[in-house]
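All residue numbers in this chain count up from 1 along the given sequence. Not measured: the values here are computed from a predicted model.
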Amino acid sequence: MFGIDPENIESLSWSLGTRVTTDDDASREFTLECRGSNREITAFAVTEYTMVLRLRTPVGREKFYGVANDDIDDRQAAGNWIHTA
């Protein structure tokens, strides 16, 4: 969906991801929602060069991933994913 090489994605702990994305310096860049499954991905700019992606599952669990800004593909959402914010 983003065109990111999996080797460039850093898994973050839940506590770190939550702390970073709720910090005053973090800004929400966009949200994608998967039609039919209620999964959601929200991207937060956390530094000049880094984004954190929050994946929220249908039951409300959250997983966080760190990604370099340059690795985020600016193409439109694909497949069942739609921009919601």
Side-chain angles (χ1 to χ4, degrees):
M1 164 181 23
F2 292 113
I4 302 172
D5 183 346
E7 293 182 10
N8 295 337
I9 299 172
E10 182 72 29
S11 181
L12 304 176
S13 69
W14 181 86
S15 59
L16 176 59
T18 299
R19 186 174 67 228
V20 169
T21 58
T22 58
D23 187 78
D24 290 339
D25 292 336
S27 65
R28 184 184 312 213
E29 296 296 309
F30 61 85
T31 299
L32 300 175
E33 197 172 292
C34 186
R35 290 181 274 196
S37 76
N38 294 328
R39 287 181 294 161
E40 179 182 275
I41 295 175
T42 304
F44 297 88
V46 294
T47 72
E48 185 178 346
Y49 305 103
T50 308
M51 285 193 161
V52 169
L53 302 178
R54 178 185 67 202
L55 170 65
R56 186 173 284 157
T57 67
V59 295
R61 293 186 183 194
E62 296 175 327
K63 297 179 181 181
F64 295 91
Y65 303 92
V67 181
N69 290 350
D70 290 343
D71 289 334
I72 296 288
D73 190 343
D74 289 336
R75 291 179 295 178
Q76 292 292 330
N80 289 333
W81 293 93
I82 57 170
H83 282 273
T84 59

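- Separating the CZ atom in Arg54 from the OG1 atom in Thr18 is a distance of 8.5 Å, to the nearest 0.5 Å.
- Atom CE of Met51 is separated from atom CZ of Phe44 by 10.5 Å, given to the nearest 0.5 angstrom.
- Remark: Thr84 pairs with no residue by the side chain to side chain donor-acceptor pair (under 3.5 Å) rule, at least two apart or across chains.
- In this structure, CH2 on Trp81 lies 5.0 Å from SG on Cys34, to the nearest 0.5 angstrom.
- Annotation: side chain of Pro58 is in contact with side chain of Arg39 (closest heavy-atom distance under 4.5 Å).
- Atom CZ of residue Arg61 and atom CG of residue Leu55 lie 12.0 Å apart, to the nearest 0.5 angstrom.
- Scored by the salt bridge (charged side-chain N to carboxylate O under 4.0 Å, His left out) test, Glu33 finds no partners at all (sequence neighbours excluded).
- With hydrophobic clusters built from ILVMFWY side chains whose heavy atoms lie under 4.5 angstrom apart, Phe64 does not share a cluster with Val67.
- Dense packing is recorded around CD of Glu62, with more than 12 heavy atoms of other residues, nucleotides or ligands lying under 6.0 Å away.
- Interatomic distance, Leu16 CG to Thr21 OG1, rounded to the nearest 0.5 Å: 9.0 Å.
- Summarising the geometry, atom CG belonging to Leu53 is positioned 10.5 Å from atom CG belonging to Asp71; distances are rounded to the nearest 0.5 Å.
- Contact check for Thr42 versus Arg56: no side-chain heavy atoms found under the 4.5 Å cut-off.
- Linking ILVMFWY residues whenever their side-chain heavy atoms come closer than 4.5 Å, directly or via other members, leaves Phe30 and Val20 in distinct clusters.
- The main-chain N or O of Val46 is never found under 3.5 Å from a side-chain atom of Thr50 such that the two would form a donor-acceptor pair.
- Linking ILVMFWY residues whenever their side-chain heavy atoms come closer than 4.5 Å, directly or via other members, places Ile9 and Ile72 in the same cluster.
- Counting non-hydrogen atoms of other residues, nucleotides and ligands closer than 6.0 Å to CZ of Arg35 gives a total above 12.
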